[in-house]
Amino acid sequence: MLAVLEIASRTGLLPIRWFPPMSDVLVRLVGQLGDGRFWTDLAQTLQGWAIGLLIAILVSVPVGLAIGSSWWLYRALRPVVEFLRPVPSVALIPLAILVYGSGIETKVFLVAFASLWPLLLQMIYGARDVDPVALDTARSYRLRRGDTVARVLIPSVLPYLATGVRISSSVALVLAVTAELVVGSPGIGRAITEAQNGGDVELMYALIAVTGLLGWGLNAVLRRIERPLLHWHASHRLEEVA
């Protein structure tokens with residue numbers, strides 16, 4: 001694909017003014033590795049991503065387990081969840097700016113709100129999908145509530161949690177960069193806007209490529225962490241066999 005884009009730009013199939021050759025973009029990207037501001041922007045994007053995702057995990061895990069484990073809570077709160085879940089996070093940007101300004105707080109708020117819902121739904125479904133035979137066995141052995149949670153509930157919801165974290169990680173990165181692009185919060189997104197406003201198209205595409213590489217790298221790290229934690233799960237056993 002990179003070769004096709006390179007040829008299309010060099011031959012004029014794509015206007016070189018707006019679609020520079022990929023070789024020029026790559027050269028510009030490599031040049032950014034020696035720029036201290038690039039690493040500062042990258043760190044600021046990762047900071048907003050990490051804080052917002054952490055808040056979403058801390059809220060969604062206990063709330064999702066509580067809702068999924070209780071029939072009454074599930075019936076009572078499901079309409080609320082289904083009402084709030086489709087609300088686009090970008091629609092809350094005016095409210096976030098009004099309350100928090102254009103600093104990192106706005107970015108963290110948007111990231112936390114957007115990444116909360118995939119995690120919450122995964123935890124609810126995971127808690128409701130616990131094997132009833134395992135629960136009945138725990139009751140027959142008269143396990144305490146804490147032991148039942150530790151030995152039955154948590155192992156059952158771990159695969160759902162891992163999937164939710166990976167989905168929410170991607171959502172969190174999208175919202176972090178979006179907040180930087182729209183609100184002007186410090187980070188890679190704001191650097192992309194500055195490059196676009198300054199007419200530096202090669203740098204703009206180089207930074208856009210960085211966001212894609214960043215998302216790919218974060219997903220790879222989470223998969224690496226997930227593998228030893230869920231080595232007993234069927235999906236990972238199948239990967240090892242393959």
Below 4.5 Å, heavy atoms only, C-beta onward: do [X] and [Y] meet side chain to side chain?
X: V108; Y: V111; answer: no
X: V157; Y: L65; answer: yes
X: I57; Y: L119; answer: yes
X: V221; Y: R224; answer: no
X: I192; Y: T211; answer: yes
X: R85; Y: L120; answer: no

Is there a side chain to side chain contact (heavy atoms under 4.5 Å, CB included) between E105 and V99 once you walk through the steps?
-> CA-CA 9 Å; E105 294 85 359; V99 176; over 6 Å; no
Which heavy atom of [X] sits nearest to which heavy atom of [Y], and what is that distance?
X: S168; Y: P118; value: OG-CB, 3.5 Å
X: K107; Y: S185; value: CB-OG, 4.2 Å
X: L121; Y: E82; value: CD2-OE2, 4.5 Å
X: S9; Y: P20; value: OG-O, 3.6 Å
X: Q122; Y: T163; value: OE1-CB, 4.1 Å
X: L222; Y: R166; value: CB-CG, 3.9 Å

For R37, check salt bridge (charged side-chain N to carboxylate O under 4.0 Å, His left out) against everything at least two apart and list the hits.
->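 Partners of R37 under the salt bridge (charged side-chain N to carboxylate O under 4.0 Å, His left out) test: D41, E194.
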Partner set under salt bridge (charged side-chain N to carboxylate O under 4.0 Å, His left out) for E6, not counting sequence neighbours =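 Testing E6 for salt bridge (charged side-chain N to carboxylate O under 4.0 Å, His left out), a comparison that skips the adjacent residues, returns R10.
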Distance in Å, [X] [atom1] paired with [Y] [atom2], rounded so as to fall on 0.5 Å steps:
X: L181; Y: T193; atom1: CG; atom2: OG1; value: 4.5 Å
X: T45; Y: I104; atom1: OG1; atom2: CD1; value: 9.5 Å
X: L175; Y: T106; atom1: CG; atom2: OG1; value: 12.0 Å
X: R75; Y: I67; atom1: CZ; atom2: CD1; value: 14.0 Å
X: L218; Y: L214; atom1: CG; atom2: CG; value: 4.5 Å
X: L42; Y: D35; atom1: CG; atom2: CG; value: 12.0 Å

Test side chain to side chain contact (heavy atoms under 4.5 Å, CB included) on L110 and T178 and set out the steps.
-> CA-CA 9 Å; L110 295 173; T178 299; over 6 Å; no
Give the intermediate values and the outcome of side chain to side chain contact (heavy atoms under 4.5 Å, CB included) for residues V59 and L116.
-> CA-CA 8 Å; V59 172; L116 171 70; 3.9 Å; yes
Applying a strict under-4.5 Å side-chain criterion to I, L, V, M, F, W and Y, I'd like to know whether [X] and [Y] cluster together.
X: L26; Y: V4; answer: no
X: L158; Y: L58; answer: no
X: L13; Y: V25; answer: no
X: F19; Y: V27; answer: no
X: V80; Y: W72; answer: no

Going by the ring pair (Phe, Tyr, Trp, His ring centres under 6.0 Å) test, which pairs reach into residues 77-134, not counting sequence neighbours?
->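 For residues 77-134: Y100-F109, F113-W117.
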Result block: side-chain N/O donor-acceptor pairs under 3.5 angstrom for residues 47-55, not counting sequence neighbours:
unit_1: W49; atom_1: NE1; unit_2: S169; atom_2: O; d: 3.1
unit_1: W49; atom_1: NE1; unit_2: S169; atom_2: OG; d: 3.4

For I7, the rest of its hydrophobic cluster, which grows through side-chain links under 4.5 angstrom =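 Noted: I7 shares its cluster with no other residue.
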Short question: side chain of R190, backbone of G184 - any donor-acceptor pair under 3.5 Å?
->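 Pair found, side chain donor or acceptor close to backbone of G184.
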Donor-acceptor under 3.5 Å (S115 side chain, A56 main chain) =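 No; zero donor-acceptor contacts below 3.5 Å.
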For D24, side-chain hydrogen bond (donor to acceptor under 3.5 Å, both in side chains) partners two or more places apart |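 Once residues adjacent in sequence are excluded, D24 has no partner under the side-chain hydrogen bond (donor to acceptor under 3.5 Å, both in side chains) criterion.
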